[in-house]
Amino acid sequence: MHGFWDYVSAAAVALFEVAQLAIGIAIFRQTIERATLWLRGHRARATITSVGEERDADSHRAFRPIVEFIGATGKPRRIALAETVTSRPHIGARITVVYRPDDPEHVDALGIAKGLGSLVVSPILVVVGVVAIVLPIAYLLGLDGVLSWSEQASSATFDWLEEALDGPLGRLRAVLSDWLG
């Protein structure tokens with residue numbers, strides 16, 4: 001039989017993982033929105049004309065580039081990018097931007113690196129969140145076989161991940177590091 005603290009700790013873990021699951025789903029939703037913007041949005045070559053400095057939630061410096069470009073209507077546009085960046089961009093740099101046809105005020109820099117992290121992180125958060133919600137509940141229901149299976153599965157997963165990081169993923173990581181600087 002399980003004691004009071006078993007239930008409290010299982011509930012705490014489940015609540016924490018529900019929050020993690022929600023964060024993973026939000027990141028995944030944002031990634032899908034960004035991919036849709038990149039696929040369906042209007043593209044333009046822009047010049048960074050100035051940079052605003054802000055503070056993020058943790059009081060770290062963040063920079064919001066302000067760009068100028070010619071929109072699809074032929075009118076010049078000057079607007080701040082929707083997303084901040086962590087390093088100060090060079091004024092005068094040329095970048096490709098993408099914006100919504102129905103909302104030209106939402107302008108994002110086009111770049112592959114921004115989407116890669118979200119595509120990797122969000123599925124991990126969702127899967128770990130679901131597993132970590134199910135395992136405490138299974139334990140409280142007396143399904144101890146699930147826990148021993150999960151230990152074997154996690155061991156096999158870590159072995160596979162270690163092999164992958166030494167092999168093809170390691171090479172991909174090195175290529176991306178060289179390519180993105």
Side-chain angles (χ1 to χ4, degrees), residues 15-130 132 157-158 161-181:
L15 287 174
F16 176 76
E17 296 309 326
V18 166
Q20 179 178 329
L21 182 63
I23 291 168
I25 290 171
I27 291 171
F28 186 70
R29 191 180 125 263
Q30 182 182 23
T31 302
I32 296 300
E33 287 177 5
R34 180 174 285 138
T36 302
L37 175 64
W38 290 353
L39 293 172
R40 296 186 181 155
H42 289 155
R43 286 179 170 75
R45 287 295 289 167
T47 302
I48 297 175
T49 58
S50 61
V51 178
E53 187 173 323
E54 303 174 7
R55 296 282 175 181
D56 65 11
D58 297 327
S59 296
H60 296 115
R61 287 182 1 171
F63 302 98
R64 187 173 306 275
I66 298 161
V67 297
E68 287 183 359
F69 63 95
I70 304 297
T73 61
K75 293 182 182 178
R77 311 255 325 155
R78 179 180 165 88
I79 193 158
L81 292 181
E83 300 282 333
T84 59
V85 294
T86 56
S87 61
R88 181 182 292 276
H90 299 290
I91 294 177
R94 301 274 298 160
I95 62 172
T96 301
V97 296
V98 61
Y99 59 95
R100 297 178 182 139
D102 59 336
D103 182 15
E105 298 300 313
H106 183 92
V107 178
D108 196 9
L110 191 63
I112 192 167
K114 290 168 71 176
L116 286 177
S118 298
L119 287 174
V120 171
V121 170
S122 60
I124 291 171
L125 286 174
V126 170
V127 169
V128 169
V130 168
T157 301
F158 284 122
L161 187 58
E162 186 176 325
E163 289 175 17
L165 288 175
D166 289 340
L169 288 179
R171 288 190 295 277
L172 176 63
R173 184 178 56 195
V175 167
L176 287 175
S177 293
D178 291 343
W179 186 53
L180 298 174

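Numbers for residues simply follow the sequence, beginning at 1. Given the structure is predicted, the values throughout are model-derived calculations rather than measurements.
Between Ile79 and Tyr99, every side-chain heavy-atom pair lies at or beyond the 4.5 Å cut-off. In this structure, the side chains of His60 and Arg55 stay at 4.5 Å or more apart for every pair of heavy atoms.
Between the side chain of Thr49 and the main chain of Ile66, a donor-acceptor pair closer than 3.5 Å is present. Counting only distance, with no hydrogens or angles, the side chain of Arg64 and the backbone of Ala82 share a donor-acceptor pair below 3.5 Å.
Within a 6.0 Å sphere centred on CZ of Arg78, heavy atoms belonging to other residues, nucleotides or ligands number more than 12.
Distance check: Ile70 CD1 to Arg77 CZ gives 10.5 Å after rounding to the nearest 0.5 Å. Between the OG atom of Ser87 and the CZ atom of Arg61 there is a distance of 10.5 Å, given to the nearest 0.5 Å.
Shown are Ile95, Val67, Leu81, Ile48; of these, the side chain to side chain contact (heavy atoms under 4.5 Å, CB included) with Pro89 is made only by Ile48.
Between Phe63 and Glu53 the shortest heavy-atom distance is CE2-OE1, 3.7 Å. The shortest non-hydrogen separation linking Ala72 to His42 is CB-ND1, 3.7 Å.
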